[in-house]
Amino acid sequence: MTAAGLDGPPVHRITLLVPSSWYEFDIHPATRDQAIREAVRARVQERPELATCRAELVRTLRRVADEAWESGVVYFGAMAEVDDEAPLTASLTVSVVDTADEGAPQGGLEGVMAALTSVPRGSRPTDPWRRVRLVDLPDAGTTAARSEGIEDVAIRDDTRTVRMVMMQTFVPFPDGDPRIAVISAATHQLALAEPMLELFDGICETFRFLP
């Protein structure tokens, strides 16, 4: 369980639940490295078989935490498991968009939905596709906009892209607050697209605002 601090009236905190196997820690550059080392150390104590993968886990978490910080997130959680073939990783962040800002989607959820475009599925399971819909978040007491599917995502400071399973859920703040919480979840595991999207959906359903 985690609660992410969020300044600004009338809502100042948000909360959501991630599986106990996920990592959660401060992603500020000044404290991130120590927080990651401590998180990995605690996980290796719980699961000694991960000891040989300690360095790879630290590198993976450091990379995704750096990307999250550069994106201005207020919450960061990640899954990082290593097997004999390749790391199984996923990340989830929460950021906040003020719809009153220039360039932000206007008109609340209607504006968000208008800015999202559906993409039909291709002939191969790993081809890009996107589904756009409204979802109910009972714990948050609201309806949210959602975009989910397989996307080609630009690599920061690079001309290349990487194909990922992505879900973005746009949750309007209550009480007339013009901000929107954006829950972004992603994984490189294209072959596990549907089960990973189900996992991300389950996490999003726990999202709620605290007074």
Side-chain angles (χ1 to χ4, degrees), residues 16 18-19 21-23 56-57 59-61 63-68 70-73 75-97 99 103-137 140 142-172 180-207:
L16 55 75
V18 296
S21 59
W22 283 47
Y23 296 87
E56 186 166 4
L57 287 171
R59 282 195 300 271
T60 298
L61 292 170
R63 174 179 55 79
V64 293
D66 184 53
E67 292 172 355
E70 291 295 328
S71 299
V73 307
Y75 167 80
F76 169 77
M79 174 184 74
E81 300 288 346
V82 180
D83 58 24
D84 294 334
E85 297 181 358
L88 174 62
T89 62
S91 63
L92 185 141
T93 64
V94 180
S95 56
V96 176
V97 174
T99 57
Q106 303 298 309
L109 285 186
E110 293 79 7
V112 171
M113 291 293 289
L116 300 174
T117 304
S118 297
V119 176
R121 292 178 183 264
S123 58
R124 296 174 300 180
T126 57
D127 284 344
W129 61 273
R130 185 187 304 123
R131 177 169 57 222
V132 176
R133 59 193 176 110
L134 294 173
V135 295
D136 290 326
L137 298 181
T142 189
T143 297
R146 173 170 294 169
S147 169
E148 59 189 337
I150 296 177
E151 305 265 357
D152 287 331
V153 181
I155 299 175
R156 190 182 58 182
D157 300 326
D158 202 322
T159 58
R160 295 171 296 173
T161 61
V162 59
R163 189 159 293 181
M164 302 183 71
V165 180
M166 298 281 297
M167 175 184 286
Q168 285 194 303
T169 305
F170 302 83
V171 191
I180 293 177
V182 184
I183 310 170
S184 301
T187 179
H188 293 88
Q189 319 306 138
L190 302 183
L192 301 176
E194 291 302 336
M196 293 304 293
L197 289 173
E198 289 180 9
L199 173 62
F200 297 156
D201 175 63
I203 295 173
C204 288
E205 285 186 351
T206 71
F207 180 91

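Starting from 1, each residue takes its place in the sequence as its number.
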State, with a plain yes or no, whether a side-chain heavy atom of [X] is found less than 4.5 Å away from one of [Y].
X: T89; Y: Q189; value: yes
X: M196; Y: M79; value: yes
X: I203; Y: P19; value: yes
X: T187; Y: F200; value: yes
X: R133; Y: E148; value: yes
X: R163; Y: D127; value: yes
X: T161; Y: V153; value: no
X: D201; Y: E198; value: no

Supply the atom-to-atom distance [X] [atom1] to [Y] [atom2], rounded to the nearest 0.5 angstrom.
X: I150; Y: R130; atom1: CD1; atom2: CZ; value: 12.0 Å
X: S118; Y: M113; atom1: OG; atom2: CE; value: 7.5 Å
X: I183; Y: Y75; atom1: CD1; atom2: OH; value: 10.5 Å
X: L137; Y: T142; atom1: CG; atom2: OG1; value: 7.0 Å
X: F76; Y: S95; atom1: CZ; atom2: OG; value: 13.5 Å

Closest heavy-atom contact between [X] and [Y]?
X: V94; Y: A181; answer: CG1-CB, 4.4 Å
X: P172; Y: A144; answer: CD-CA, 4.5 Å
X: A140; Y: V171; answer: CB-CG1, 4.4 Å
X: P120; Y: W129; answer: O-CB, 3.8 Å

Taking only residues two or more places apart in sequence or in another chain, which ones pass side-chain hydrogen bond (donor to acceptor under 3.5 Å, both in side chains) with T169?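 Here the qualifying residues are R146.
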Using the side-chain contact (heavy atoms from CB on, under 4.5 Å) rule, pick out the option among L61, V18, T60 that qualifies with Y23.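 For Y23, the side-chain contact (heavy atoms from CB on, under 4.5 Å) check succeeds only for L61.
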